[in-house]
Amino acid sequence: ASILYAMAQLQALSKVKHQGESNNREDLVKALTNQLKEVANTLDAKGTCYTLYAIASMQTPLDPGLAADLKRRASETVKDFIPRNLSEIAWAFVKLEMSAGTELEEGLTSQALATAQTFKSQEATTFLWALAALGVRFGKDLEKELVDRGAVMVPAEEFSISAGPPR
């Protein structure tokens, strides 16, 4: 998970692609994905979030079997998520155009409410934006808690998934 996360960060820093580089990256991502399939059920909360975040950041297609394993693992570890994990995994689901599923959605909103007092402004904004982009219904109590933490709410007429969360 850490290697994928580092690759995603490097890709974000490097906008220049050299001929042949893409194939090497794709081969490496494929090999790492195969390894992840074997260990997905042992990832902790941070590892699960970083893996999904990295795959989404690299705009890499996610193997359906691995996607199911990571969703299941996220559901199992959601009670250990910190606000950063919550915002990053929700963002990843939006970028991967993947539903989190009812069980995980409920876990994410429940954990967000439990940890609301520790959200930073950008985490709160990204998390609420991602929930809205995913079509997840969240209560006014969660919205109030995160707005109190500095979340920026976007009026419905200005909401755009392609624009990303407000900064």
Side-chain angles (χ1 to χ4, degrees), residues 1-13 32 36 39-60 62 66-167:
S2 295
I3 292 171
L4 275 174
Y5 185 75
M7 286 176 59
Q9 295 305 311
L10 287 173
Q11 182 178 350
L13 295 174
L32 288 169
L36 279 169
V39 299
N41 66 341
T42 65
L43 293 173
D44 63 5
K46 186 176 178 180
T48 303
C49 292
Y50 279 8
T51 298
L52 282 165
Y53 179 84
I55 292 168
S57 294
M58 292 186 299
Q59 300 174 343
T60 302
L62 185 56
L66 180 57
D69 289 345
L70 291 172
K71 280 172 45 169
R72 182 186 43 73
R73 191 64 185 149
S75 292
E76 293 169 355
T77 61
V78 71
K79 291 197 182 310
D80 297 326
F81 286 9
I82 60 173
R84 178 179 176 172
N85 300 145
L86 292 165
S87 67
E88 287 181 347
I89 200 166
W91 176 88
F93 278 108
V94 173
K95 287 303 192 182
L96 292 168
E97 298 178 357
M98 188 168 90
S99 167
T102 305
E103 181 183 351
L104 182 54
E105 289 171 359
E106 290 173 358
L108 292 172
T109 56
S110 176
Q111 184 65 5
L113 192 53
T115 60
Q117 294 303 310
T118 60
F119 269 82
K120 294 177 183 164
S121 176
Q122 187 61 45
E123 293 165 343
T125 299
T126 300
F127 184 69
L128 288 177
W129 169 84
L131 290 183
L134 291 168
V136 175
R137 295 188 181 273
F138 51 90
K140 289 290 182 188
D141 49 347
L142 177 59
E143 181 180 324
K144 181 189 179 323
E145 287 289 336
L146 295 184
V147 168
D148 287 350
R149 298 300 303 161
V152 176
M153 296 300 289
V154 177
E157 61 273 4
E158 296 176 25
F159 182 81
S160 167
I161 293 174
S162 61
R167 300 258 174 212

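For the numbers below, each heavy atom of this structure counts, side chains included, while hydrogens, waters and symmetry mates do not.
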query: Minimum heavy-atom separation for Arg149 to Ala116, with atom names?
result: CG-O, 3.1 Å
- request: Can you see which heavy atom on Leu86 is nearest to which on Phe127, and at what distance?
  value: O-CD1, 3.4 Å
message: Measuring only between side-chain heavy atoms, which start at C-beta, is Leu131 closer than 4.5 Å to Leu142?
response: yes
- request: With rounding to the nearest 0.5 Å, note down the distance linking CG in Leu36 to CG in Leu66.
  value: 6.0 Å
field: Residue pair Phe138 / Leu113, side-chain heavy-atom distance below 4.5 Å
entry: no
task: Please identify each residue that fulfils side chain to side chain contact (heavy atoms under 4.5 Å, CB included) with Ser99, with sequence neighbours left out.
output: Glu105
Residues 73-81 side chain polar contacts: donor-acceptor under 3.5 Å, at least two apart:
{"unit_1": "Arg73", "atom_1": "NE", "unit_2": "Asn41", "atom_2": "O", "d": "3.4"}
{"unit_1": "Arg73", "atom_1": "NE", "unit_2": "Leu43", "atom_2": "O", "d": "2.6"}
{"unit_1": "Arg73", "atom_1": "NH1", "unit_2": "Glu76", "atom_2": "OE1", "d": "2.8"}
{"unit_1": "Arg73", "atom_1": "NH2", "unit_2": "Leu43", "atom_2": "O", "d": "2.9"}
{"unit_1": "Ser75", "atom_1": "OG", "unit_2": "Lys71", "atom_2": "O", "d": "3.2"}
{"unit_1": "Glu76", "atom_1": "OE1", "unit_2": "Arg72", "atom_2": "NH1", "d": "3.4"}
{"unit_1": "Glu76", "atom_1": "OE2", "unit_2": "Arg72", "atom_2": "NH1", "d": "3.0"}
{"unit_1": "Thr77", "atom_1": "OG1", "unit_2": "Arg73", "atom_2": "O", "d": "2.9"}

query: Atom OH of Tyr53 and atom NZ of Lys46: how far apart are they, to the nearest 0.5 Å?
result: 14.0 Å
field: Tyr50 side chain reached by Glu88 side chain, heavy atoms, under 4.5 Å
entry: yes
- request: Any salt bridge (charged side-chain N to carboxylate O under 4.0 Å, His left out) involving residues 116-140? Give me the pairs, sequence neighbours left out, ordered by first then second residue.
  value: Lys140-Glu143
query: Taking only residues two or more places apart in sequence, or in another chain, which ones meet Glu145 in a side chain to side chain donor-acceptor pair (under 3.5 Å)?
result: Gln117
- line: Taken in chain and number order and not counting sequence neighbours, the residues that satisfy side chain to side chain donor-acceptor pair (under 3.5 Å) with Lys144 are Asp148
- prompt: Considering all heavy atoms of both residues, which atom of Ala40 and which atom of Asp69 are nearest to each other, and what is their separation?
  reply: CB-CB, 3.9 Å
- prompt: With Glu106, which residues qualify under salt bridge (Lys or Arg N to Asp or Glu O under 4.0 Å), at least two apart?
  reply: none
- prompt: So, Thr115 and Gln111: side-chain donor and acceptor under 3.5 Å apart, yes or no?
  reply: no
- line: What one should report as the nearest heavy-atom pair of Val39 and Thr42 is O-OG1, 2.7 Å
Verdict with supporting geometry, Cys49 and Trp91, side-chain contact (heavy atoms from CB on, under 4.5 Å): CA-CA 10 Å; Cys49 292; Trp91 176 88; over 6 Å; no
query: So do Leu52 and Leu62 actually touch side chain to side chain, heavy atoms under 4.5 Å?
result: yes
